[in-house]
J.: 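Quick one: the structure is below, questions incoming.
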Amino acid sequence: MKKITKCVIPAAGMGTRFLPATKALPKEMFPIVDKPVMQYLVEEAISAGCTEIIIVTGRSKRAIEDHFDSNPELEQRLGDSGKFDYLKKVKWLNDMANIVYVRQPYPKGDGDAILRTKNLIGDEPFLVLFGDDIIDNDPTAAEQLIRKHEETHAPIIATVWVENEEVSNYGILEWEQDWDTTKVTRFLEKPKAAETDSRTAVIGKYVLTGDIFTYLENAKSSVWDGEIRLADAFIAMQKDRDIYGLQVEWTRYDAGSKVWYLKACIAYAMKDKTIANEMQDFLKTI
Ligand code: G1P
């Protein structure tokens, strides 16, 4: 079986919910303590064995490329002034993986973003991590998804349990138990809570198989608003082959929402010994 070595990270979204901050700064570059969201995602992919990272970007996303590039002046200064800890952190960014960039010229949906990587992926399984989902867990969510793919050889969708009022914001999976996994029996994109008993929601982490591209290409013809959606490809694919959902215990932060982004900042600050106590004292005062 081919080992998963490639990870696609779609990052061309406009970040409307964070305007005006996202006018010039990509939301994927927002820091959680001292690392941008994008770095957490790339490190998650590496933790799961990926060596090729394909980031789908768009206009005004140049800061992402600069972050993973070398910065010789900065490196020289840090070295000259003996700040070797920082130098190590900075140099790791351009050593960590082979990162390539693909542009998505128009915001035409998550499926279109993935379709643009077709020639770079070929016919092999690959990991997909969307920028909004930060999951704090060891083993990482990506490791868990890949492990499940190695058992099943099938596409794997990461899921979380949601409350009734959240159902219509998510893809929802109906499923049946298949040994220790959950086989998807129906994929509903953003249904009303009354349309399904399931509260198993799709989040932005997947292992996809090479045949997804055919489903995405065919989904093109069915769309009414010019967008190509991964959800449409899943709905068609599920009729032809087994797809699995994977729900595990993990702490998830939706970094695409203001409140959850700020919760992530606080939670990660609490894990950083150099600032945790001061942060905690401050939080008690407000
Ligand atoms: C997309 C998908 C949806 C999924 C969600 C996860 O929706 O279409 O199936 O549950 O991502 O974040 P979006 O949030 O882009 O509207």
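Both counts, for ligands and for their atoms, begin at 1 and track the order of listing.
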J.: List of N/O pairs, ligand 1 versus protein, all under 3.5 Å?
T.:
residue, atom, partner, partner atom, Å
ligand 1, 7 (O), Lys190, NZ, 3.4
ligand 1, 8 (O), Glu189, OE2, 2.5
ligand 1, 9 (O), Gly171, N, 3.1
ligand 1, 9 (O), Glu189, OE1, 2.7
ligand 1, 10 (O), Gly171, N, 2.8
ligand 1, 10 (O), Val202, O, 2.6
ligand 1, 16 (O), Lys190, NZ, 2.4

J.: So does Leu230 get a backbone contact from the side chain of Asp110, meaning a donor-acceptor N/O pair under 3.5 Å?
T.: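 Confirmed, Asp110 side chain pairs with Leu230 backbone.
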
J.: Would you say that Leu145 contacts Lys205 through its side chain, given a criterion of any heavy-atom pair below 4.5 Å between the two side chains?
T.: yes

J.: Please identify each residue that fulfils salt bridge (charged side-chain N to carboxylate O under 4.0 Å, His left out) with Asp69, with sequence neighbours left out.
T.: none

J.: Would you list the pairs meeting side chain to side chain donor-acceptor pair (under 3.5 Å) in which at least one residue belongs to residues 254-271, sequence neighbours left out?
T.: Asp136-Lys271

J.: Return the set of residues passing salt bridge (charged side-chain N to carboxylate O under 4.0 Å, His left out) with Lys118 (not counting sequence neighbours), or none when no residue passes.
T.: Glu217

J.: Hey, can you tell me if Tyr206 and Phe130 have their rings parallel, tilted or perpendicular (30° and 60° cut-offs)?
T.: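 Geometry flag for Phe130 against Tyr206: perpendicular rings.
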
